[in-house]
Protein chains: 2
Amino acid sequence: MDQFVSKDEAAPGSATQRAYLALRALIVAGEIRPGEKLKIDGLRQRLATGASPIREALSLLTSDNLVERIDQRGFRAAEVSAANFQEILRLRSTLEDQALRESIARGDQAWEEALVLAHHRMQRAQEQGGDGFEPLHKAFHMALLAAAAAPILLKFCSQLYDLNIRYRFLAGRGRDYQSRDVTEEHGAILAAAVDRQADTASALLLAHYTRTGSYLAGLLDDGALG
Amino acid sequence: MDQFVSKDEAAPGSATQRAYLALRALIVAGEIRPGEKLKIDGLRQRLATGASPIREALSLLTSDNLVERIDQRGFRAAEVSAANFQEILRLRSTLEDQALRESIARGDQAWEEALVLAHHRMQRAQEQGGDGFEPLHKAFHMALLAAAAAPILLKFCSQLYDLNIRYRFLAGRGRDYQSRDVTEEHGAILAAAVDRQADTASALLLAHYTRTGSYLAGLLDDGALG
DNA sequence: CGCGCGGAAAATATCGACTTTTCCACGCGG
DNA sequence: CCGCGTGGAAAAGTCGATATTTTCCGCGCG
């Protein structure tokens, strides 16, 4: 029994890993509000584990820019601001442009197929009411870049994705995010990528981000943010 | 006494911070070889502290791409490779170009003065035998970018600097690094930055990196690396 | 009435020991 | 002679407790 341990909770080996994933999910989803104090003891109870895994997980999240460490005063969820949001958007554009171009240039057939598959799964989840949509959405975006032989770059992109999506959740649980025509946008990006039209794909992707960005900026101005 | 705590060892508050800085220095300086196993107990002795700060420091270093975590098998110093080195160089060029341009565009007089000061100190250290040169070299490079209002970007640049300089140490303790005309290059970059000539400054900076990169790649091919 | 000082309460950071997992070498069986 | 399974040692991971630091609140002094 190796992969057959998913009884109630996914149990990836170490308690640290579990705590890391759980906390990241809580922060990204906005269940832990920006600036909120992260008390070790509280989290210890909430996640049913010891203090060491919690501390380690928080350290990891610190380097992901999702948690801030205050010298001898513990941890808190990262603050949000319009400037921070803009920076994330800008960095993401720069880095994903580069990653996407390299991915398209180097991608083989296996990449292409994995990409189509990721897109299909995402579409499927969306049509069926959005259950489990979020992880698949991220999977699709990362699948676009996956063929780039640049581990650090991909890691940065993954981090920035999480930071960015956090704002979407904060803007209102992603309510009617899908109301905009993201479906079509995703489809167009997929098509361009599969056709190896790097310029087109990149332009579409950046437009996708810029548009989502303005959309969110509008929502954020309405009080969800200082 | 805020900045006056450098008696024997820098003693910044927490044991975690101390362990983090010490380990990072060891890895960057190459005293811990790439791929080397990082045994908790060994480090515990070496740094005279408990296991918790060590683990936490290693977690932080993991996110800096200086340490790799192996699921239930502990930690090891990050491996090195030509591909990894190339990626660092490439990313650094992209990100520092952007950061430098924004820094030059936004920098005020205080920034200019801090920059000149950082350069002077670095020069001074180099002339006097290179004592404490490394931290000042990093300080100068970061001072160039400091006026960019982009904390995440600057953090990435700082990380990439460390990753990059690690290769220089591995290539032979930075032996005759200064034999190349870095002094003049630094001076030219400083001048261009102070004169707010973004294009020139950026071009010089990238050339600086590219040149250092080829230089190191040459050294690394000679067996210091697989 | 406001400011600053002290002491109590809480939270963090750190340590030392326990539990679980992994690694390595030895010996048995094919 | 080589592969496989077993057993012991070592290391990682985790837990609970302790000590140190910070924070908060009320009291007295200016």
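Proteins come first, then strands; the chains are lettered A, B, ... in the order of their sequence lines, and each starts at number 1. FYI, side chains are in, hydrogens and waters are out, and symmetry mates aren't considered; it's all heavy atoms of this structure.
With sequence neighbours excluded, the residues that form a side-chain contact (heavy atoms from CB on, under 4.5 Å) with A:Ala77 are A:Ile32, A:Arg166. Under the side chain to side chain donor-acceptor pair (under 3.5 Å) criterion, A:Glu102 pairs with B:Arg90, sequence neighbours left out. By the side-chain contact (heavy atoms from CB on, under 4.5 Å) test, A:Lys39 pairs with A:Lys37, sequence neighbours left out. B:Tyr161 pairs by the side chain to side chain donor-acceptor pair (under 3.5 Å) definition with B:His137, not counting sequence neighbours. In this structure A:Gln98 satisfies the side chain to side chain donor-acceptor pair (under 3.5 Å) test together with B:Thr94, sequence neighbours excluded. Here A:Arg44 pairs with A:Asp41 under the salt bridge (Lys or Arg N to Asp or Glu O under 4.0 Å) rule; sequence neighbours left out. B:Ser158 meets the side chain to side chain donor-acceptor pair (under 3.5 Å) test with B:Lys138; sequence neighbours excluded.
A salt bridge does not link A:Arg92 to A:Glu87: none of the charged nitrogens lies less than 4.0 Å from a carboxylate oxygen.
DNA chain C is contacted by A:Arg55, A:Asp71, A:Gln72, A:Arg73, A:Gly74, A:Phe75 of residues 54-77 of chain A, taking any non-hydrogen atom closer than 4.0 Å. Of the residues in residues 38-49 of chain B, those lying under 4.0 Å from DNA chain D by heavy-atom distance are B:Leu38, B:Lys39, B:Ile40.
Under the salt bridge (charged side-chain N to carboxylate O under 4.0 Å, His left out) criterion, the residue pairs touching residues 62-75 of chain A are A:Arg69-B:Glu56, with sequence neighbours excluded. Pairs engaging residues 111-121 of chain A under the salt bridge (charged side-chain N to carboxylate O under 4.0 Å, His left out) rule: A:Glu112-A:Arg196 [sequence neighbours left out].
Contact footprint of chain A on DNA chain D: nucleotides with an atom under 4.0 Å from a non-hydrogen protein atom, first to last in 5' to 3' order, D:dT14 to D:dT23.
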